[in-house]
Structures are given as structure tokens and as C-alpha cells.
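Heads up: the structure comes next, in C-alpha cells.
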Amino acid sequence: MKLRAVKGMNDILPDETRRWQRLEHVFRRTVEAYGYEELRTPVLEQKELFEKSTGETSEVVQKQMFTLERSGETLALRPEGTPSAARVYIGQSMHAREPETRWYYVGPMFRAEQPQRGRYRQFHQAGCELYGNPGPVCDAEMIDMLYRMLVDLGIPNVQVNVNSLGGPNARSLYRERLRAFFEPKRAELSPHAQERLADNPLRILDSKDPRDRAASDGAPVLLDVLDEDDQAHWRGLLQALDALGTPYTVDPRLVRGLDYYTRTCFELTAQTGELGSQNALLGGGRYDGMIESLGGPKTPAIGFAMGLERILLALGELEVARPELCFVAPLGEHAALEGVVLARRLRDRGLRVVLDGRDNSLKSKLRRANSMGARWCLVFGDSELDRKIVQVKDLTAHKQEELSPEEAVERLAAENAQPPGAVGSRP
RNA sequence: GUGGGUGUAGCUCAGUGGUAGAGCACUGGAUUGUGGCUCCAGGUGUCGCGGGUUCAAUUCCCGUCAUCCACCCCA
């Protein structure tokens, strides 16, 4: 057999995991500052859960799920996180425990698509779900949180797109108007859009096909068919975004691909060469009907998910600092015993220490220390053992001095105590 | 599912119808036990896989697989 990872699923090596850890750290710190707490759920769910929540007409459910049979059940690898959280919310009767529930999650998701830049079969999302708060200020606060997080991370050209899909009434009214609008010009549409006309005409609006673009000119605008409550909510959202000073663009054609969204939907994008054509970093919106439709109490809810691979692409090749490294290089058998003990004493003082126990030359040990980016190297062989000292090399300052092992431990511990602030990258 | 590009050393890639190269990396040496810079030396390849054309294929042709990019869709 060929030894390789499954198509569209990637191994992430230490050079990369450092960046992942930093991103996850920033994400957790950000959302925890807003009162979200972590929820962890299995990656396998009953397939039916996704059919009922993500939606039968969504492409994700129709053809992108990895499924498997097990003792009569059909299971699916989760293609997104929201349904699992909703299942827990209902199953744990969260509505009866607290008036508002705020959860976040981080983890792998699975969609059987053709892989390309920024899109993989196993990919990673970090997201939040907030249940029990119907107000538009809550939507604005979430969008503002996300905008600021992306900007703080250093992503260039972040853009916020918002739209309102209205409630169920407006939605079905709009669907009919769209059908009425497109039906006469059916022949002008792309084949794919023609299929969409029957089940989900909204999606024709965000098609990139020039034929659909042209045909969409003058199409009815969803914002015009909102009922009064929807409109009040929409105005409230924009007002709150204005109050927060969050820059945004109203995009009447923004329609998300999951069926459950109501009212507010949003997407944050970035423009960088690194990102390829997948420039949506994060998307979300309100899903006020989902909990009820899954059999729970009527509960307003809003959430988002961000694609970690895409965020990392947008961030580019930023180096993440590691804590200082101390390299212990004993020469000879006697020194090796001394070395393993000394290394542990250094670690007990909080240092990151690699003991080179290989039987090779000092030159190659020093080369290794250098290539690992070590700050210090402790060298000692028989002559040092006789004199009860070690050579303490500062590889950055190119200095070396002789200290007793005790002095060396104290010296390094003291110097390590005031490191430059490396964020979220502890090994 | 559809379209296009690419598969040669550990990595990045060059190259040719006559059995293959560079840079980087690695190891050793110049410096008996002192790194980064410099210089010298050293090795590895089913040339993705299968078939065809040919005296001869890594090179040309067909197929296949993988990968990348794009469409679709989405984070």
C-alpha cells in the first residue's frame, strides 16, 4: 500500500502547528472575553441530524457528507458544528437551565468536495453559538467581535458583508417573487441555476456565472419584502454596527448555503494573494427556527464558523516565536550521566531543554544546537567534570564562561525569567 | 462531478530519443573538544505507475494514479 494521507486531508507538522496554536489561542481568548465557553462534541453524528438542520436542499447535505453504516444506524462525519451544538442544547434542556447560552467549539469538519486552495475534505472550524437572545444588538456585537479579531490577527483588507434574509414569511414570499421574476427568462440562466429555480432560487443570486449575473439585474431585493419586525431587526443591526463603528457593506445578494439562516447573515472576507479564490474567512447568521424545528422550544439563536485553514492562509508566513531553548551537550560517558541530571534540573526551573545524548563530535552537537535555534549550550566533558564546572555558551551573544553546575542553573533560570513576550506558543 | 497544470535526489527544481544534474539540506574535514560565515570532500534516484512506438524512452504517444489550481459549493 501507498503510505499517504487520505485525499483532501492533511498532516500538520510542527512548523505549522505553532501557527495553529497561536491562532486557536487568540480565538479562545477573544470569545471567552465575551462569555463563551467551550463545548466539545463527537465528530460523528446521526446523518439525520444534518438533514434536519443543515437542510435537505443544501449541497453540503446532498452530496458532501462522509457517511458510514454501523449496527443499523447511518452516521455522518460532521460537515459543520452548529447541528451538534443544537442537539446538545435541546438534549440538555439548556433553555430551562439558563436564559442565554454561549458556546464555542474548535475542531475538524468533513466535506467530500474536490480539494483546492483553502478548501479541504478535513478542515477546521472555530465557531460560536449563542442561544436565547433575539435582539439585533447581539448580532452586531458578534460581528464586531469577529471583525476586530481578524484585524488584530493582522489580516489585511478585512471586509464585512451583511444582509437580512428575513423571517420565514418574508423568505417564502421572496422565493415566490424570485421564481416569478426568473421564470420568464429561464432560458438565459445557467443549467445549474435552472435547477435551483425549483428548490432554492435564492442561490441564483450569488452565482458567479455571467449568465446568471446578467439575468439577476433588476431582480427583486430581499430587503424590500421584509415584514415590519424583520425590518426593525435589520435597522437595529445597522444602527448597532454604526454605534460600534464597525465598517460593513450591505450585500443584498449575500445568501448563505445552509438552509437554516433567518434574518441576519454575514460573511467576513479578505483580499490577499495567498487566499486563492476562497476568500470567505468566516460566515454566520441567525437561525431562529432551528431549535424548534429539531423538536426543542422556540429559541432564537445566532452563530458563526470560521475556517482556520483560510485564516492561516490569509495571515501568510508569519514566524511564531518559541520559548528559549537550552541545549545540553555532554561529551563522553561520564558527562552523559551528569547531563541527564542537569537537564532535568534546568527543566524544573522552567526552561525548555534538549539533551543531546548522541555519541558524536562537539562540532556536530553545536551545529545541532545552532540549527535548533538554541539560546544556550552547556558543554562539559571529562576535564570539566574534574574541575566541577560546565562551559556555558550563550549562542546569541557568542560568549562563553565557566560556571559550576549550580551557578549555571541559577544563571539560566534568571535569564529565562524575563523573556520577550511570546504569545500562546508554549510547547 | 467538470476543466487545466504538474509528477526527476530528503526538499526546491533544471535537463536530454543514447541508462541524469544544480542549489539547499545532511555527514566529515580545514579547526585532537567549540556553532552560525567561508573553503574542500562525500552519497542517494523503481526519472509516479502500466502499456505502446523505437535498435534504444526519464524524454514521444495512450491510459492510469497522485497532487495543485480553477469551476461548482462553502469556512
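Nothing here was measured: the structure is a model prediction, and the numbers come from that model. Order of the sequence lines sets the chain letters (A, B, ...), proteins ahead of strands, with each chain counted from 1.
Annotation: B/rC60 and B/rG3 have their C1' atoms spaced 25 Å apart (nearest Å). Comparing the C1' positions of B/rU59 and B/rU6 gives a spacing of 16 Å, expressed to the nearest Å. When the C1' atom is used for both B/rU58 and B/rU34, the distance is 46 Å, rounded to whole Å. Taking atom P on both nucleotides, B/rG1 is separated from B/rA75 by 22 Å, rounded to a whole Å. Only the C1' atoms considered, B/rA30 is 49 Å distant from B/rC65, to the nearest whole Å. The gap from the P atom of B/rG18 to that of B/rC26 amounts to 35 Å, rounded to the nearest Å. Annotation: B/rA66 and B/rG29 have their C1' atoms spaced 42 Å apart (nearest Å). Taking the P atom of each, B/rU67 and B/rA20 are spaced 30 Å apart, rounded to whole Å.
Residues of residues 281-289 of chain A that place a heavy atom closer than 4.0 Å to RNA chain B, in numerical order, are A/L281, A/L282, A/G283. Within a heavy-atom distance below 4.0 Å of RNA chain B, the residues of residues 386-394 of chain A found are A/Q391, A/K393. Of the residues in residues 364-376 of chain A, those placing a heavy atom less than 4.0 Å from an atom of RNA chain B are A/S364, A/L366, A/R367, A/N370, in numerical order.
A/E267 comes within 4.0 angstrom of no nucleic acid atom, judged by non-hydrogen atoms across all strands. When heavy atoms are screened at a 4.0 angstrom cut-off, A/Q62 is found touching no nucleic acid atom at all.
The ring pair (Phe, Tyr, Trp, His ring centres under 6.0 Å) search around A/W234 returns none, not counting sequence neighbours. Residues satisfying the side-chain hydrogen bond (donor to acceptor under 3.5 Å, both in side chains) criterion with A/R310, sequence neighbours excluded, are A/Q278. Scanning for side-chain hydrogen bond (donor to acceptor under 3.5 Å, both in side chains) contacts around A/R119 gives an empty result, with sequence neighbours left out. Applying the side-chain contact (heavy atoms from CB on, under 4.5 Å) rule to A/V151 yields the partners A/Y147, A/V158; only residues at least two apart in sequence or on another chain are considered.
Whole-Å rounding puts the A/D15 CG to B/rU12 P distance at 14 Å. The nearest whole Å value for the distance from the CG atom in A/L362 to the P atom in B/rG35 is 8 Å. Separating the CG atom of A/D359 from the P atom of B/rG33 is a distance of 12 Å, rounded to the nearest angstrom. Rounded to an integer number of Å, the gap from CE of A/M149 to C1' of B/rA75 is 12 Å. Per the geometry, NE2 belonging to A/H334 stands 17 Å off P belonging to B/rG33, to the nearest Å.
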Query raised in the report: Dot-bracket for RNA chain B: what is it, with Watson-Crick or G-U pairs under 3.5 Å, [ ] where a pair crosses earlier ones, and | for a pair to another strand?
Result: (((((((..((((....[..)))).(((((.......))))).....(((((..]....))))))))))))....
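Atom CG of residue A/D230 and atom OG1 of residue A/T264 lie 9.5 Å apart, to the nearest 0.5 angstrom.
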Residues 279-294 of chain A, side-chain donor-acceptor partners within the protein, below 3.5 Å, at least two apart:
unit_1	atom_1	unit_2	atom_2	d
A/R286	NE	A/D139	OD1	3.2
A/R286	NE	A/D139	OD2	3.0
A/R286	NH1	A/N133	O	3.3
A/R286	NH1	A/D288	OD1	2.9
A/R286	NH2	A/N133	O	3.0
A/R286	NH2	A/G135	O	3.4
A/R286	NH2	A/D139	OD1	2.5
A/Y287	OH	A/E129	OE1	2.2
A/D288	OD1	A/A301	N	3.1
A/S293	OG	A/M290	O	3.0

For residues 332-344 of chain A, which side-chain N or O atoms pair as donor and acceptor with protein atoms under 3.5 Å away, sequence neighbours left out?
none

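Ion pairing between a basic and an acidic side chain is recognised when a charged N comes within 4.0 Å of a carboxylate O; A/E100 and A/R102 show such pairing.
For A/K363 and B/rG35, the shortest distance from a side-chain N or O to OP1 or OP2 is below 4.0 Å.
Formation of a donor-acceptor pair under 3.5 Å by the A/R177 side chain with backbone atoms of A/V221 is not found in this model. Side-chain N or O atoms of A/R352 include one that pairs as donor or acceptor with a backbone N or O of A/P323 at under 3.5 Å. A donor-acceptor distance shorter than 3.5 angstrom exists from the side chain of A/K365 to the backbone of A/D356, with no hydrogens or angles considered. Although no hydrogens or angles enter the test, the distance criterion places a donor-acceptor pair under 3.5 Å between the side chain of A/R347 and the main chain of A/V353.
Ring centers of A/F27 and A/Y104: under 6.0 Å apart, within the cut-off.
With a 6.0 Å radius and a threshold of 12 heavy atoms from other residues, nucleotides or ligands, A/E37 has its CD atom at or below the threshold. Residue-environment remark: CZ (A/R175) exceeds the threshold of 12 foreign heavy atoms within 6.0 Å.
The minimum heavy-atom distance linking A/K185 with A/A215 is given by the pair NZ-O, 3.1 Å. Shortest non-hydrogen contact noted between A/Y120 and A/F123 is O-CD2, 3.4 Å. Closest non-hydrogen pair, A/R358 versus A/S364, comes out as NH2-O, 4.2 Å.
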Distances under 3.5 Å between protein N/O atoms and the N/O atoms of nucleotides 6-11 of chain B, please, pair by pair.
none

Close N/O contacts between protein and nucleotides 66-72 of chain B (under 3.5 Å):
unit_1	atom_1	unit_2	atom_2	d
B/rU67	OP2	A/K7	NZ	3.4
B/rC69	OP1	A/R117	NH1	3.1
B/rC69	OP2	A/R117	N	2.8
B/rA70	OP1	A/S277	N	2.9
B/rA70	OP2	A/Q116	NE2	3.3
B/rA70	N7	A/Q116	OE1	3.4
B/rC71	OP2	A/S277	OG	2.8
B/rC71	N4	A/R119	NH2	3.4
B/rC72	N3	A/R119	NH1	2.7
B/rC72	N4	A/Q116	OE1	3.2
B/rC72	N4	A/R119	NH1	2.1
B/rC72	N4	A/R119	NH2	3.4

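Checked by atom type, the side-chain pair A/Q391/A/E402 shows a donor-acceptor distance below 3.5 Å. Side-chain contact check for A/E80 and A/Q125: no donor-acceptor pair (N or O, by modelled atom type) lies under 3.5 Å.
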